[in-house]
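Quick note on labels: first sequence line is chain A, next is B, and so on, each numbered from 1.
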Number of protein chains: 2
Amino acid sequence: MTAPARRPGRRPGRSSSRDDILAAARVLFGERGYDKASIRAIAAAAGVDPALVHHFFGAKEELFAAAMEFPVDPETILPLILAGPRAEIGERLVRTFLRFWSDPRLRPQFVGIIRSATTSETGATLLRDFITSQLFARVAAVLEVPGLNLNAAAAQLVGVVMFRYVLEMEPMASASDDELVALLAPTIQRYLDA
Amino acid sequence: MTAPARRPGRRPGRSSSRDDILAAARVLFGERGYDKASIRAIAAAAGVDPALVHHFFGAKEELFAAAMEFPVDPETILPLILAGPRAEIGERLVRTFLRFWSDPRLRPQFVGIIRSATTSETGATLLRDFITSQLFARVAAVLEVPGLNLNAAAAQLVGVVMFRYVLEMEPMASASDDELVALLAPTIQRYLDA
DNA sequence: GCATAAATTCAACGCATGATGAGTTACGCC
DNA sequence: GGCGTAACTCATCATGCGTTGAATTTATGC
């Protein structure tokens with residue numbers, strides 16, 4: 001309700017504008033996808049002038065890249081999955097995957113990547129490169145599994161998050177993580193056994 | 001290279017403009033998604049003035065609905081899947097599904113629906129409603145399978161076409177239908193057995 | 001304290017878009 | 001053969017977009 005009596009010039013104290021913009025960008029890219037998330041809307045959500053976005057990040061595509069940079073480091077997540085009995089790797093993978101998607105701080109970013117992967121070539125490249133070079137290369141080096149099987153496993157998981165978080169289709173959107181693990185783990189396990 | 005010496009007024013002979021527009025819309029919506037496929041670009045691809053698009057279809061969203069109307073009638077496809085031994089329903093479903101996606105006349109339309117489902121609420125509703133009311137309701141009436149299992153099966157297939165036709169991720173994009181059937185059919189079968 | 005740099009807004013440009021309304025030509029019926 | 005209707009284009013509008021450059025205020029290094 002504060003009247004928008006903003007005036008030009010630097011604000012006193014240290015500023016959080018840069019981070020505010022990043023956070024707003026993640027939310028809006030996640031909700032609307034690359035094209036429909038306008039710089040003006042992101043700036044408004046961050047309580048900031050659109051020109052400031054350019055001042056910090058340059059063109060829109062750079063903002064997108066900065067906001068969507070993969071929030072998870074493969075080096076920390078892969079050991080969680082690969083360690084443990086090989087016969088239970090499907091369950092560990094599905095459980096870990098769903099746990100990351102449950103984090104409300106990470107999810108908008110994930111959804112944004114999925115949403116934008118179908119629309120902008122930048123988004124598609126981002127997702128494709130991450131899956132192939134970051135994940136598959138490492139997993140394939142440890143487990144000896146054909147690439148097509150890895151694709152099938154990844155496709156199952158991507159399909160699930162599309163249903164659950166993008167389309168919000170019932171009953172999958174409301175199912176518990178445990179239900180999904182029970183349902184999906186055998187599928188993933190089979191792909192990774194071959 | 002024909003000089004664009006178009007003049008106003010009705011053309012002699014019978015016109016294919018309406019169908020040309022629909023065809024161009026299917027291609028462009030499929031390639032670019034709802035937002036990036038502009039009415040002007042669709043009109044240009046159809047060799048027609050943008051205003052003619054409005055003349056035939058009204059607002060853009062109506063054009064989209066007309067172009068993306070599901071090209072497959074569930075009444076004709078479901079018997080193909082449901083008839084035959086129950087133990088092979090997974091294979092029949094996957095094979096039929098992939099065969100429809102292989103049709104180069106149908107694919108742009110399918111891709112358009114997937115692409116737009118992640119971006120526009122209209123697209124999401126279109127896909128959601130078709131899957132739930134057209135497919136699931138009918139299938140669930142015949143096979144007695146929990147809704148969550150149907151979701152999981154559909155998610156697997158949607159994930160596959162995202163990898164294969166939207167992201168064009170290798171090796172799935174280049175795999176043969178037969179390879180995919182062998183890989184996916186047991187998964188689908190398991191979901192539909194429960 | 002003063003100069004430079006950083007943060008911030010304002011005003012504006014140029015562009016593409018979806019949409020509208022009026023005008024023009026052909027078809028089909030009586 | 002005249003008339004309503006359908007097909008078709010043109011010019012135009014308002015809007016929202018990404019982007020830019022200048023102006024203003026604060027922080028910081030010397």
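When the nucleotides C/dT8, D/dT19, C/dA26 are ranked by their closest atom to the side chain of B/Arg10, C/dA26 comes out on top. For B/Asp49, counting side-chain heavy atoms from C-beta on, the closest listed nucleotide (D/dT19, D/dT26, D/dT9) is D/dT9. For B/Phe56, taking side-chain heavy atoms from C-beta onward, the closest of the listed nucleotides D/dT20, D/dC8, C/dA26 is D/dC8. Comparing C/dA19, D/dT9, C/dG18 against the side chain of B/Ser38 picks out C/dG18 as the nearest.
Nearest-nucleotide mapping onto DNA chain C: of B/Gly13 and B/Tyr34, the residue sitting toward the 5' end is B/Tyr34.
At least one cation-pi condition fails for B/Lys36 and A/Tyr34: the charged atom is not both under 6.0 angstrom from the six-membered ring centre and inside a 45 degree cone around its axis.
As a whole-Å value, the separation of A/Phe57 CZ from C/dA6 P is 16 Å. Protein atom CZ of B/Arg32 is 13 Å distant from nucleotide atom C1' of C/dT17, rounded to whole Å. Put simply, CD1 on A/Ile39 is 10 Å from P on D/dC17, counting in whole angstrom units. As a whole-Å value, the separation of B/His55 NE2 from D/dT5 C1' is 10 Å. We find that NZ of A/Lys60 is positioned 15 Å from C1' of C/dC15, with the value rounded to whole Å. As a whole-Å value, the separation of A/His54 NE2 from C/dT9 P is 15 Å. With rounding to whole Å, A/Ile21 atom CD1 is found 9 Å from C/dT9 atom P. Protein atom CG of A/Asp19 is 12 Å distant from nucleotide atom P of C/dA7, rounded to whole Å.
Within 4.0 Å of A/Arg40, counting heavy atoms only, lies at least one base atom of the nucleic acid.
The closest donor-acceptor contact from the side chain of B/Arg92 to the backbone of B/Ala83 lies under 3.5 Å. Between the side chain of A/Ser176 and the backbone N or O of A/Glu179 there is at least one donor-acceptor pair closer than 3.5 Å. Counting only distance, with no hydrogens or angles, the side chain of B/Arg32 and the backbone of B/Val27 share no donor-acceptor pair below 3.5 Å.
Considering only side-chain N and O atoms, B/Arg14 lies nowhere under 4.0 angstrom from the phosphate OP1 or OP2 of C/dA26. The phosphate of C/dT8 has OP1 or OP2 within less than 4.0 Å of a side-chain N or O from A/Ser17.
How far CG of B/Leu183 is from CE of B/Met172: 6.5 Å, rounded to the nearest 0.5 Å.
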